[in-house]
Amino acid sequence: MSFPLLTATAVLPALGAVATAAVPAARRTAAKWLALLVSLATLALAVTVLVRFDPGGDRYQLTESHAWIAAFGVRYELGVDGIAVALLALTALLIPFVILAGWHDADPLETGNKRWRPTQGFFALILAVEAMVIISFEATDVFLFYIFFEAMLIPMYFLIGGFGDSAHEHGDEAAATQRSYAAVKFLLYNLVGGLIMLAAVIGLYVVAGNFSLAEIAQARANGSLHMATSTERWLFLGFFFAFAVKAPLWPLHTWLPNAMGEATAPVAVLITAVVDKVGTFAMLRFCLQLFPNASKWATPVILVLAVISIIYGALLAVGQRDIKRLVAYASISHFGFIVLGIFAMTSQGQSGATLYMVNHGISTAALMLVAGFLISRRGSRLIADYGGVQKVAPVLAGTFLIGGLATLSLPGLAPFVSEFLVLVGTFSRYPAIGIIATFGIVLAALYTLVLYQRTMTGPVKPEVATMPDLRARELVVVAPLIVLLVFLGVYPKPVTDIVNPSVKQTLSDVHKKDPKPSVEAAK
């Protein structure tokens, strides 16, 4: 039997989480190093998956299949296509940076009486989230996917509710109350979505008799499995609702600003750059492949919701006074672009959406982590409490600017290519939607540049006059992300070569072809 590479990629961080949690309380530093080493080893396995994946080969590769709950047709089935490989690599890449950036986020607090915090638990929970996200990208059994789609909520709940930096602005009791509210809101929103999806998963089993994605899709393709139109639409809505909550798509987005605002910056990155990607990924893998006719039926409404997310998220980002909440609303706008690209039903749109997932993960990580370093120095998330930072900490200000410019999709940085593809793919089929979505770019420039102007330029405020610049550990976190933003902005081909074959297969699932140009090229 060949080495179960996909299983190993998910099991390693899971075992690392258990080992990290078991480190004695007196050896917090050892727990940090163990978590970092496990994340780097997981990255090495993810790179191996990336190298072994053949874009021109079978749709699902490195597959594993074993009987699990035979009486109910549940199998332990794993496999990756190009889209899953790209997001698997993104997840494994970001986790070491999350751990390094949060190196001191779970240290004992020095606020009057020294309050103990479970350092080992903080890093163990991060590794647990990584394991569950990875297996969600790999699962090709619908029931197996559902289990980990829901299970990742538990460690995220404790990361949001148990750790946070809002104590810088309020008393400990008030900060704990706000974190608890944000964590409960995150959990309830996603649990409601998950329960609705569970009903749809059960309904799918009743109709199909098993949970295998490949078998159900094949049966749909060859006509041996027929779903009534109403049944398919209800099942689609059950799946899509859960994924839209996770995405997060307007109007199911309201948990995100609270969660990102109250979480530490590394955990905020974990939420929006890693966990939320499972929602948009699942739209491509499950909604379009299992319910192609219902996906086309729902497309007009979903496109409208996506455009509302783009404009609404950007407008609220413009008016924010809190740095982290501004990034959260910007992410809502960006996820609107991703959903727009998916349901534009064009190769450019879906390639752009997949590339956007990768690039948004990198750009948001860069911006949010630098923002976290900034906040930890000043002790405030309020934009008005800053000014003139670029004069006292030029490297911090410079990296913050690059992360911000990537967020507004400046040409030459990675998100530009993906946003351009999404808009081109949308405009070719839905020109009015594409034109409206373009206004999101203008608003992105506004909230990003105003944020930089108010925090980094102008007179130096007394509270930031002695602010230190980025330290060596922080540079190790930020520099590779900046390099990736520039590299993928100039040369996105390594990612597009991997995802494009899978995008073509997804379009084939929904029986869609790219629209022909309305005006023929002049001869």
Side-chain angles (χ1 to χ4, degrees), residues 6 9-10 13-14 42 46 78-95 98 125-157 159-160 186-187 189-198 200-201 213 238-249 252-253 255-256 259-260 267-290 331-332 334-335 338-339 341-342 353-354 356-362 364-365 499 502 506:
L6 297 185
T9 309
T42 305
L78 305 180
V80 289
D81 60 2
I83 299 169
V85 165
L87 295 175
L88 172 62
L90 171 70
T91 301
L93 172 70
L94 291 180
I95 296 300
V98 167
L125 289 169
I126 291 174
L127 291 177
V129 172
E130 178 181 25
M132 294 174 185
V133 170
I134 286 175
I135 204 166
S136 297
F137 289 142
E138 297 173 344
T140 55
D141 181 278
V142 177
F143 190 79
L144 178 66
F145 168 84
Y146 173 77
I147 288 175
F148 289 98
F149 179 81
E150 287 292 278
M152 71 179 70
L153 301 179
I154 304 305
M156 285 306 309
Y157 168 80
L159 282 169
I160 296 168
F186 161 81
L187 188 63
Y189 266 70
N190 284 274
L191 279 179
V192 169
L195 289 174
I196 293 174
M197 180 182 170
L198 177 60
V201 169
L213 176 65
F239 277 75
F240 180 80
F241 183 86
F243 303 152
V245 172
K246 186 87 78 180
L249 185 68
L252 305 172
H253 67 284
W255 61 268
L256 183 67
M260 288 184 65
V267 173
V269 169
L270 197 62
I271 294 170
T272 189
V274 176
V275 172
D276 288 352
K277 296 300 187 297
V278 178
T280 46
F281 163 79
M283 292 178 188
L284 281 165
R285 170 166 281 191
F286 296 101
C287 286
L288 299 189
Q289 191 169 349
L290 293 175
S331 290
I332 291 169
H334 295 151
F335 274 102
I338 294 171
V339 175
I342 291 171
T354 305
Y356 213 133
M357 288 187 239
V358 175
N359 293 337
H360 172 263
I362 299 170
T364 300
V499 304
S502 296
T506 303

Between CG on residue Leu284 and CD1 on residue Ile342, distance to nearest 0.5 Å: 4.0 Å
Whether over 12 other heavy atoms sit under 6.0 Å from Phe143 CZ: no
Heavy-atom closest contact (Met283 atom, Ala247 atom, distance): CE-CB, 4.1 Å
Single hit among Lys246, Met357, Lys277 for side-chain contact (heavy atoms from CB on, under 4.5 Å) with Phe335: Lys277
Min side-chain heavy-atom separation Val129-Leu159 under 4.5 Å: yes
Aromatic plane relationship, His334 with Tyr356 - under 30° parallel, 30 to 60° tilted, over 60° perpendicular: tilted
Close side-chain approach of Leu252 and Phe241, heavy atoms under 4.5 Å: yes
Heavy-atom pair of closest approach, residues Ala10 and Glu138: CB-OE1, 4.1 Å
From Leu249 atom CG to Ile332 atom CD1, the distance as rounded to the nearest 0.5 Å: 10.0 Å
Heavy-atom check, side chain of Met260 versus side chain of Val267, under 4.5 Å: no
Rounded distance (nearest 0.5 Å) linking atom CG of Leu6 with atom CD1 of Ile135: 9.5 Å
Student check: side-chain heavy atoms of Thr354 and Ile338 closer than 4.5 Å: no
Gap separating the CZ atom of Phe286 from the OH atom of Tyr146, nearest 0.5 angstrom: 13.0 Å
Close side-chain approach of Val275 to Met156, heavy-atom, < 4.5 Å: yes
Side-chain touch Val278/Phe145, heavy atoms, less than 4.5 angstrom: yes
Test item: Met132 and Ile154 side chains (from C-beta on) under 4.5 Å apart, heavy atoms: no
Atom pair CZ/OG of Arg285 and Ser502 - distance to nearest 0.5 Å: 9.0 Å
Interatomic distance, Leu94 atom CG to Ile126 atom CD1 [nearest 0.5 angstrom]: 12.0 Å
Distance-minimising heavy-atom pair for Ala92 and Thr42: CB-O, 4.2 Å
Any Phe148 side-chain heavy atom under 4.5 Å of Ile134 side chain: no
With sequence neighbours excluded, residues passing side chain to side chain donor-acceptor pair (under 3.5 Å) with Tyr157: none
Which atom of Trp255 lies closest to which atom of Asp276, heavy atoms considered: CH2-OD1, 3.3 Å
Closest contact, heavy atoms only, Ala242 versus Met197: CB-CB, 3.6 Å
Please set out all donor-acceptor pairs under 3.5 angstrom arising from side-chain atoms of residues 80-91, sequence neighbours excluded.
{"from": "Asp81", "atom 1": "OD1", "to": "Ile83", "atom 2": "N", "distance (Å)": "3.4"}
{"from": "Asp81", "atom 1": "OD1", "to": "Ala84", "atom 2": "N", "distance (Å)": "2.9"}
{"from": "Thr91", "atom 1": "OG1", "to": "Leu87", "atom 2": "O", "distance (Å)": "2.9"}

Stepwise side chain to side chain contact (heavy atoms under 4.5 Å, CB included) test for Leu256 and Ile271: CA-CA 8 Å; Leu256 183 67; Ile271 294 170; 3.7 Å; yes
For the student: nearest non-hydrogen atoms of Val269 and Thr364, plus distance: CG2-O, 4.4 Å
Aromatic ring proximity, centroids under 6.0 angstrom, Phe243 and Phe149: yes
